[in-house]
Visitor: 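Here it is: the structure, laid out below.
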Amino acid sequence: MMNNYNLDFSLAAIGSSLIERQAAEKLLACNEELKKNGLSLTAQQALALTQTRMNALKENKRIELNGYIVDKLILAFCNSPYIYKDTCEDTFHELIHLFYDLKNNTWDTISDEDVIEFMKNAFNNRCHGSLELLSGEALRLSEHIHCGKTINTFKED
């Protein structure tokens, strides 16, 4: 006989699995746009990216209520001259972590769209595709926000 705790846990696991599958399907739907840039995701890669999202949310103690952001992130970056077919999955994993870290470190004062735009602009321009430099830019923006300023007054060096 299954007690209520086990039933709740089982239902949560089923729900989580369903959410992950739906999220992976949403990522696979990005393939049409990705192919225009010589990129694509396999079902296994989409599931791995979905798991990275779940891990990043847990690490940052976040829940996501306003929809799934990873597909928007991938679509924003897929036309970058620094996203390459053989490393795009790894790059996307790093970008997911950076996105959620930046959301946390800026105390959610910046919209998802503005965070993505900031990341893409920095990655493509100042950082020349370097994730390490992008992480540094994210840190600079966080410090700027912590001083009571806004993204609009952030100086891009």
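These values consider heavy atoms only, across backbone and side chains, with no hydrogens, waters or symmetry-generated copies.
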Visitor: Nearest 0.5 Å, what's the CD-CD1 distance between E89 and I83?
Guide: 12.5 Å
Visitor: Can you check side-chain contact (heavy atoms from CB on, under 4.5 Å) on I69 and E64, steps first, answer last?
Guide: CA-CA 9 Å; I69 203 70; E64 201 167 61; 3.3 Å; yes
Visitor: D71 side chain to L27 main-chain N or O, any donor-acceptor pair under 3.5 Å?
Guide: no
Visitor: So, using side chain to side chain donor-acceptor pair (under 3.5 Å) as the criterion, who are the partners of T106 when residues are at least two apart?
Guide: none
Visitor: Would you give the length of the straight line joining atom CD of E25 to atom SG of C30, rounded to the nearest 0.5 angstrom?
Guide: 12.5 Å
Visitor: Under the side chain to side chain donor-acceptor pair (under 3.5 Å) rule, collect the residues that match up with D90, sequence neighbours excluded.
Guide: none
Visitor: Give a yes or no on whether the backbone of A56 and the side-chain of N60 come within a donor-acceptor separation of less than 3.5 Å.
Guide: yes
Visitor: How long is the straight-line distance from CG of L34 back to SG of C78, given to the nearest 0.5 Å?
Guide: 5.0 Å
Visitor: Counting N and O atoms only, with roles assigned by atom type, does the side chain of T52 sit under 3.5 Å from a partner on the main chain of A48, one being a donor and the other an acceptor?
Guide: yes
Visitor: Sorted by first residue and then second, give each salt bridge (Lys or Arg N to Asp or Glu O under 4.0 Å) pair with at least one member in residues 73-88; sequence neighbours left out.
Guide: none
Visitor: Report the distance from atom OG of S80 to atom CG of N37, rounding to the nearest 0.5 Å.
Guide: 9.5 Å
Visitor: The criterion is salt bridge (Lys or Arg N to Asp or Glu O under 4.0 Å); which residues satisfy it with E33, sequence neighbours excluded?
Guide: K36
Visitor: Of all residues at least two apart in sequence or in a different chain, which pass the side chain to side chain donor-acceptor pair (under 3.5 Å) check with S111?
Guide: D114
Visitor: What are the two closest heavy atoms between I116 and L73, and how far apart are they?
Guide: CG1-CD1, 3.8 Å
Visitor: Return yes if some donor-acceptor pair links the side-chain N/O of R140 with the main-chain N/O of F154 below 3.5 Å, else return no.
Guide: no
Visitor: Can you measure from CG (D101) to OG (S135) and round to the nearest 0.5 angstrom?
Guide: 7.5 Å
Visitor: I'd like to know whether T109 forms a side-chain contact (heavy atoms from CB on, under 4.5 Å) with T150, so could you lay out the CA-CA distance, the side-chain angles of the two residues, the decisive distance to 0.1 Å, and finally the verdict.
Guide: CA-CA 8 Å; T109 59; T150 68; over 6 Å; no
Visitor: Could you pull out the closest heavy-atom pair between P81 and N124, with the gap in Å?
Guide: CD-OD1, 3.8 Å
Visitor: For the atom pair CG (L141) and CZ (F118), what is the distance rounded to the nearest 0.5 Å?
Guide: 4.5 Å
Visitor: Between F123 and F77, is the ring pair (Phe, Tyr, Trp, His ring centres under 6.0 Å) condition met? List the steps.
Guide: CA-CA 9 Å; F123 184 78; F77 277 83; 5.5 Å; yes
Visitor: List the steps, then state whether side-chain contact (heavy atoms from CB on, under 4.5 Å) holds for L133 with E137.
Guide: CA-CA 6 Å; L133 291 176; E137 284 295 293; 5.7 Å; no
Visitor: Taking A46's backbone N and O only, do any of them form a donor-acceptor pair with T50's side chain (distance below 3.5 Å, no angle check)?
Guide: yes
Visitor: Can you tell me if N125 and K120 form a side-chain donor-acceptor pair at under 3.5 Å?
Guide: no
Visitor: Taking salt bridge (Lys or Arg N to Asp or Glu O under 4.0 Å) as the test, write out the residues that go with K103, two or more places apart.
Guide: D108, D112
Visitor: Would you check if there is a donor-acceptor pair between the side chains of N55 and E59 at a distance under 3.5 Å?
Guide: no
Visitor: Short question: side chain of H146, backbone of N105 - any donor-acceptor pair under 3.5 Å?
Guide: yes
Visitor: In terms of side-chain heavy atoms, does N31 have a donor or acceptor partner in S40 at a distance below 3.5 Å?
Guide: no
Visitor: Could you go through the salt bridge (Lys or Arg N to Asp or Glu O under 4.0 Å) check for R53 and E20 one step at a time?
Guide: CA-CA 10 Å; R53 171 190 168 259; E20 286 182 31; over 6 Å; no
Visitor: For a side-chain contact (heavy atoms from CB on, under 4.5 Å) check, start with the C-alpha distance between I74 and L49, then their side-chain angles and the critical distance, and finish with the verdict.
Guide: CA-CA 10 Å; I74 287 172; L49 290 166; 3.9 Å; yes
Visitor: Is it true that a side-chain atom of T153 and a backbone atom of K149 form a donor plus acceptor pair closer than 3.5 Å?
Guide: no
